[in-house]
Asks: 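Let me begin by handing over the structure; questions about it come next.
Values below: all heavy atoms of this structure, side chains included; hydrogens, waters and symmetry mates excluded.
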Amino acid sequence: MVNSASVTLSSTEQAAALLMSLDKADAAAVMRAMVPRDLHRVVEAMAMMSAPNNADFMTILRRFHRDVAGFSGVKVGVSDAVSSLLEEALGEERAKLMSDRLAFHGQAKHIAKLKWLDATTIAGIIRREHPQIQTVVVACLEPRLASEVLLAFDEAKRVDVLARLSALKLLTPAALEELEWLLEQYFSDLGRPVGRALQGDSMAAKLLNEMDVGTESALLNGLRYAQPESAARVEELMFGFAQIANMAPRDLTILLAQLAPEVLAPALRGTGAELRKQLLGNLSADKVAAIAALGSRFSPTEIESARAEIVSIAKQMAAVGEIILDARKIDVF
């Protein structure tokens with residue numbers, strides 16, 4: 001039993017207890033106003049903790065009342081008064097820059113949503129946009145997320161955006177308006193039903209890859225009989241980069257001999273220890289040294305592209321009988 005919330009409960013847990021005491025609508029309104037980092041911490045605390053007893057909750061309420069009493073009484077929307085205060089404190093020119101920034105943060109509701117997205121999604125949204133728009137997006141993000149977005153581009157694009165970012169002095173209203181429009185289109189599309197090509201086939205391929213070879217072959221042959229076209233698509237998806245581990249050493253050696261270090265280096269980035277050991281063990285010492293010389297800093301796009309190229313080459317070689325993709329395969333007809 002907790003005796004003193006001020007001692008035994010963290011600030012995050014006390015905030016969680018307050019939210020749990022509110023009506024659902026009120027709690028949701030508060031949570032919508034929280035920054036993602038704080039929201040994640042509070043939600044995790046809510047999931048882990050039980051409701052405090054009456055004495056503990058009264059301690060939490062007393063702290064809340066004390067904090068509210070000491071909180072600023074400045075009201076939202078008094079822009080003239082704020083501008084006047086900024087001019088007095090900072091001077092006219094710096095005050096204008098600060099006012100523009102405050103106005104931007106108050107109006108750019110779609111830009112604010114970017115912090116909830118992962119780097120790959122953000123990069124996908126802006127990939128075809130003008131580099132200046134890409135730079136504005138990166139400038140609006142927190143450094144960690146911005147760096148991940150930058151690494152999702154190829155090297156030439158990274159350098160271009162970084163150069164534009166270093167030269168950026170002002171986020172112009174025109175650039176911000178264009179970005180807001182772009183994001184509005186994206187978030188509007190999220191509400192529409194969007195199909196995902198071959199999603200079911202992809203799930204079926206992953207499911208079959210998890211089975212033993214006998215069960216996999218029996219099910220796949222049944223699918224060939226019932227739905228030949230679906231079976232062909234599933235088989236096409238069943239061999240991915242991870243399935244290289246199922247190749248016989250001889251076939252793997254033949255495949256690796258056809259691959260340049262510039263392809264192997266990014267493909268090996270982030271692979272499991274076992275697969276990495278298996279691949280490197282089938283390479284010549286010269287090729288291993290060449291891969292090491294290329295370093296290990298590759299973007300997610302570069303890694304995926306390299307792995308896709310390896311899979312494509314492997315399938316082409318298998319199609320002409322040079323190698324067998326899966327040493328476990330048995331034909332059951």
Asks: Using side-chain heavy atoms (C-beta onward) and a distance below 4.5 Å, is L280 in contact with L268?
Replies: yes
Asks: Does R144 have any salt bridge (charged side-chain N to carboxylate O under 4.0 Å, His left out) partners at least two apart in sequence or in another chain, and if so, which?
Replies: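 Scan of R144 (salt bridge (charged side-chain N to carboxylate O under 4.0 Å, His left out), adjacent residues dropped) gives E148.
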Asks: Determine whether L18 and V30 make a side-chain contact, defined as any pair of heavy atoms from C-beta on separated by less than 4.5 Å.
Replies: no
Asks: Please tell me whether I313 and L275 are part of a single hydrophobic cluster in this structure, the criterion being side-chain heavy atoms less than 4.5 Å apart.
Replies: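 Yes, it is one cluster - the side chains of I313 and L275 are joined through contacts under 4.5 Å.
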Asks: Please check if L294 and L259 belong to a single hydrophobic cluster, counting links between Ile, Leu, Val, Met, Phe, Trp and Tyr side chain heavy atoms closer than 4.5 Å.
Replies: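 No, separate clusters.
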Asks: Hey, what do you get for CG (L283) to CD1 (I291), rounding to the nearest 0.5 Å?
Replies: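 The CG atom of L283 sits 5.0 Å away from the CD1 atom of I291.
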Asks: In sequence, state the C-alpha distance, the side-chain angles, and the governing distance for Q14 and S10, and then conclude on side-chain hydrogen bond (donor to acceptor under 3.5 Å, both in side chains).
Replies: CA-CA 6 Å; Q14 292 182 51; S10 67; over 6 Å; no
Asks: Taking S299 for the side chain and A152 for the main chain, is one N or O donor matched with an acceptor at less than 3.5 Å?
Replies: no
Asks: Determine which pairs satisfy salt bridge (Lys or Arg N to Asp or Glu O under 4.0 Å) with at least one residue from residues 262-287, sequence neighbours left out, and list them in order.
Replies: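 Passing the test, one end in residues 262-287: no pairs.
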Asks: Do V320 and Q316 have side chains that get closer than 4.5 Å, going by heavy atoms?
Replies: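 No, too far: nothing below the 4.5 Å cut-off.
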Asks: Would you give the length of the straight line joining atom CD of E229 to atom CD of Q227, rounded to the nearest 0.5 angstrom?
Replies: 9.0 Å
Asks: What distance separates Q258 CD from I254 CD1, expressed to the nearest 0.5 Å?
Replies: 9.0 Å
Asks: Establish whether F241 and F298 are linked, either directly or via other cluster members, by ILVMFWY side-chain heavy-atom contacts under 4.5 Å.
Replies: no
Asks: So, do R307 and P266 sit near enough that their side-chain heavy atoms are less than 4.5 Å apart?
Replies: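 Answer no - side chains too far apart.
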Asks: Within the side chain of S305, is there an N or O that forms a donor-acceptor pair under 3.5 Å with the backbone of T301?
Replies: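 Side chain of S305 to backbone of T301, a donor-acceptor pair under 3.5 Å: no, none is there.
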Asks: Which of these, I125, I122, I126, sits in a side chain to side chain contact (heavy atoms under 4.5 Å, CB included) with Q134?
Replies: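 One option only clears the test, and that one is I126.
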Asks: When you compare the side chain of D251 with that of E322, does any pair of heavy atoms fall below 4.5 Å?
Replies: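 In short, these two side chains do not touch, never coming nearer than 4.5 Å.
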Asks: Tell me the closest heavy-atom pair linking L165 and A139, and the distance in Å.
Replies: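 Here L165 and A139 meet closest at CD1-CB, 3.8 Å.
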Asks: Could you pull out the closest heavy-atom pair between I323 and A314, with the gap in Å?
Replies: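 Scanning both residues, the minimum pair turns out to be CD1-O, 3.6 Å.
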Asks: Between S166 and A163, which heavy-atom pair has the shortest distance, and what is it?
Replies: OG-O, 2.8 Å
Asks: Judged by atom type as modelled, is there a donor-acceptor pair below 3.5 Å linking the side chain of D23 to the main-chain atoms of D26?
Replies: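 Checking the backbone N and O of D26 against the side chain of D23, no donor-acceptor pair under 3.5 Å is found.
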Asks: Looking at L279, L256, V263, which one forms a side chain to side chain contact (heavy atoms under 4.5 Å, CB included) with I310?
Replies: V263
Asks: Write out all pairs satisfying salt bridge (Lys or Arg N to Asp or Glu O under 4.0 Å) with one or both partners inside residues 293-304, taking only residues at least two apart or from two chains.
Replies: R158-E302
Asks: Do M20 and L22 share a hydrophobic cluster (ILVMFWY, side-chain heavy atoms under 4.5 Å, transitive)?
Replies: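 Yes, one cluster joins them.
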Asks: Spell out, as yes or no, whether a donor-acceptor pair under 3.5 Å connects the side chain of D154 to the backbone of A156.
Replies: yes
Asks: Would you call I324 and M247 a side-chain contact if the rule is heavy atoms closer than 4.5 Å?
Replies: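 No, too far: nothing below the 4.5 Å cut-off.
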Asks: Is it the case that over 12 heavy atoms from other parts of the model lie below 6.0 angstrom from the CZ atom of R127?
Replies: yes
Asks: Measuring from R164:CZ to I133:CD1, what's the distance to the nearest 0.5 Å?
Replies: 10.5 Å
Asks: If I take atom CG from residue L19 and atom NZ from residue K24, how far apart are they, to the nearest 0.5 angstrom?
Replies: 14.5 Å
Asks: Check whether any side-chain N or O of T135 sits under 3.5 Å from a backbone N or O of P131 as a donor-acceptor pair, and report yes or no.
Replies: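 Checking the backbone N and O of P131 against the side chain of T135, a donor-acceptor pair under 3.5 Å is found.
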Asks: Is there a path of hydrophobic side-chain contacts, each under 4.5 Å between heavy atoms of I/L/V/M/F/W/Y residues, joining I60 to M58?
Replies: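 Yes, M58 connects to I60 through the hydrophobic network.
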Asks: Any non-hydrogen side-chain atom of L162 less than 4.5 Å from a side-chain atom of V138?
Replies: no
Asks: Run the side-chain contact (heavy atoms from CB on, under 4.5 Å) test on Q243 and L325 for me, step by step, so that the C-alpha distance in whole Å, both residues' side-chain angles and the decisive distance to 0.1 Å come before the verdict.
Replies: CA-CA 8 Å; Q243 279 65 54; L325 296 182; over 6 Å; no
Asks: I would like to know whether N282 and L255 meet side-chain contact (heavy atoms from CB on, under 4.5 Å); could you show each step before the answer?
Replies: CA-CA 10 Å; N282 283 276; L255 170 63; over 6 Å; no
